[in-house]
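Notes follow once the structure below has been shown.
All of these numbers come straight from a predicted model, not from anything done at the bench.
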Amino acid sequence: MNVEIIAIGDELLIGQTINTNASWLGQECTKLGANIVRSSVIADEPAHIIEALQTVYPTTDLILITGGLGPTQDDLTKHTLAAYFNMSLAIDPETLKHIEAFFEARKRPMLEVNIQQAALPVGARILKNRIGTAAGMWFEQDHQVFLSLPGVPYEMKTIMLEEAFPALQARFQMNALFQLTGLTQGIGESFLADRFADWENRIRSAGFGLAYLPSPGAVKLRITSKKGPEDRAQIESYFNELKAAIPEAFYGYGTERLEEIVGKQLLEKHASIGTVESCTAGLLASAIARVPGASAYYQGALLTYSNELKQKVAKIDGNLLQKHGAVSEEVALQMAENGRELLGVDYCLATTGVAGPSGGSPDKPVGLVWIGLAGPNGSFAKRFYFGDDRGRNLDMTVLSALNCLRYHLLTSA
């Protein structure tokens with residue numbers, strides 16, 4: 001089944017809102033074996049909507065349209081679609097009943113514009129919106145199915161999962177794919193592709209798809225089977241090979257996050273963690289603490305951005321700072337060691353670096369970071385160089401610090 005996705009909304013075009021709907025629809029349709037052939041964003045204007053419909057590929061089976069179904073005057077999608085498919089609008093009793101119950105449950109008055117949301121194209125199949133007031137609409141023309149959905153992500157997802165996907169699976173022959181995504185940190189895409197060229201060739205020659213999905217500090221590897229879950233064991237065996245070859249980089253699967261994996265490790269060891277941060281200024285603490293239940297192992301942080309606070313709060317030796325500078329192996333080590341003692345924790349992570357875009361020097365350029373880790377079996381510090389973008393440097397520092405801890409916990413007694 002070939003699928004096109006059309007997102008409607010000026011807010012998407014100007015970058016005010018990120019088009020997460022297209023991303024989610026693409027992922028979910030792909031899981032069901034669909035082939036996404038095009039995704040576009042258009043203005044919330046009838047002429048643009050009609051032009052998008054008229055230029056749909058003849059070989060497309062399903063067109064998913066999101067946006068423009070709210071109660072306001074500028075939401076013109078419903079009217080445009082009704083005219084395009086030569087349908088009149090009329091109040092749908094079931095939809096009106098749902099809207100009335102929706103407002104009654106919230107003790108809010110229902111306005112005329114809310115009532116008009118129940119005016120739907122006569123002849124379209126109505127897709128119920130259990131959690132909102134804008135219904136979805138199903139149109140058919142020749143062999144093609146057009147679905148119009150609200151732009152609000154949680155409403156769109158609810159309609160697709162509860163109404164549309166079951167109906168589409170009945171309408172089209174859809175063979176579910178099986179995909180598994182392995183997660184790596186601290187190793188580049190080109191290095192992975194070069195080192196594991198034979199591994200990749202074996203995967204492709206066996207009929208599987210392999211995709212590299214890089215992001216700052218991490219690379220995802222996705223293996224896909226068109227046969228479905230029957231190939232799960234084989235795909236898992238490929239990832240087991242990768243995990244055994246690069247345990248320092250391979251950390252999990254799918255949507256797992258490093259901070260969640262580290263949290264599980266700490267719970268298993270009945271161990272506590274604290275952080276002492278300079279360049280990341282609390283980002284590392286935030287990442288660890290956003291995991292539900294983190295209070296069982298995370299004790300707190302010392303935020304010592306200035307050298308003055310490094311001495312006063314983290315008790316860093318002033319002579320050490322003067323001799324080696326704040327961004328150094330020696331200071332990163334002492335930050336971690338002192339933090340472990342001051343916070344009373346089993347493990348302490350420390351970060352110090354030149355995030356940029358200014359502040360670098362020939363000896364210590366922007367992007368240079370030292371990460372320290374102190375634990376029951378001693379302490380160490382690792383040097384990293386990330387680049388010249390401040391935001392990426394901070395994000396990569398957090399990921400690298402978490403992965404240092406993960407691998408240390410994995411390999412320590």
Response to the item:
For Pro121 and Leu89 the tightest heavy-atom approach is N-CD2, 3.4 Å

Residues 209-224 side chain polar contacts: donor-acceptor under 3.5 Å, at least two apart:
from, atom 1, to, atom 2, distance (Å)
Tyr212, OH, Glu200, OE1, 2.8
Thr224, OG1, Gln179, NE2, 3.1

Under 3.5 Å donor-acceptor pairs involving side-chain atoms of residues 144-154, not counting sequence neighbours:
from, atom 1, to, atom 2, distance (Å)
Gln144, NE2, Tyr57, O, 3.1
Gln144, NE2, Thr60, O, 3.0

Fill in: Candidate pair Glu236 and Arg232, rule salt bridge (charged side-chain N to carboxylate O under 4.0 Å, His left out), full reasoning
CA-CA 6 Å; Glu236 288 178 344; Arg232 174 190 287 270; 3.5 Å; yes

Discussion item. Using the rule given for side chain to side chain contact (heavy atoms under 4.5 Å, CB included), can you reason through Lys128 versus Glu162, listing the C-alpha separation, both sets of side-chain angles and the distance that settles it, and then say yes or no?
Written reply: CA-CA 9 Å; Lys128 296 177 183 177; Glu162 296 181 357; over 6 Å; no

Worksheet item: If you take all heavy atoms of Val262 and Leu402, which pair is closest and at what distance?
Response: CG2-O, 3.5 Å

Worksheet item: Under 3.5 Å, is there a donor-acceptor pair linking the side chains of Ser400 and Gln185?
Response: yes

Item to complete: Give a yes-or-no answer on whether the side chains of Thr397 and Thr280 include a donor-acceptor pair shorter than 3.5 Å.
Response: no

Practice prompt. State the CD1-CD distance between Ile273 and Glu259, to the nearest 0.5 angstrom.
Written response: 13.0 Å

Fill in: Pair Ser379, Glu337: side-chain N/O donor-acceptor within cut-off below 3.5 Å
yes

Fill in: Which atom of His143 lies closest to which atom of Arg171, heavy atoms considered
O-NH2, 3.7 Å

Response to the item:
Heavy-atom closest pair (Pro247 atom, Tyr407 atom, distance to 0.1 Å) is O-CD1, 3.6 Å

Discussion item. Per the side-chain hydrogen bond (donor to acceptor under 3.5 Å, both in side chains) rule, what does the pair list look like for residues 382-395, sequence neighbours excluded?
Written reply: Tyr305-Arg390

Discussion item. Measuring from atom NZ of Lys78 to atom CG of Leu120, what distance do you get when rounded to the nearest 0.5 angstrom?
Written reply: 5.5 Å

Worksheet item: What heavy-atom pair brings Val276 and Cys348 nearest, and what distance separates the two atoms?
Response: CG2-SG, 3.7 Å

Response to the item:
Here the ring pair (Phe, Tyr, Trp, His ring centres under 6.0 Å) pairs for residues 253-289, sequence neighbours left out, are Phe239-Tyr253, Phe250-Tyr253

Side-chain donor-acceptor pairs under 3.5 Å in residues 24-34, sequence neighbours left out?
from, atom 1, to, atom 2, distance (Å)
Gln27, NE2, Ser23, OG, 3.3
Glu28, OE2, Lys31, NZ, 3.1
Thr30, OG1, Gly26, O, 2.6

Worksheet item: Does a side chain donor of either Asn377 or Ser412 reach within less than 3.5 Å of an acceptor in the other side chain?
Response: no

Practice prompt. Validate the cation-pi geometry between Arg106 and Phe102: distance from NZ or CZ to the six-membered ring centre under 6.0 Å, angle to the ring axis within 45°.
Written response: yes

Fill in: Set of side chain to side chain contact (heavy atoms under 4.5 Å, CB included) partners for Lys315, sequence neighbours left out
Asn338, Leu342

Worksheet item: Are the side chains of Tyr251 and Leu258 in touch, meaning some heavy atoms are under 4.5 Å apart?
Response: yes

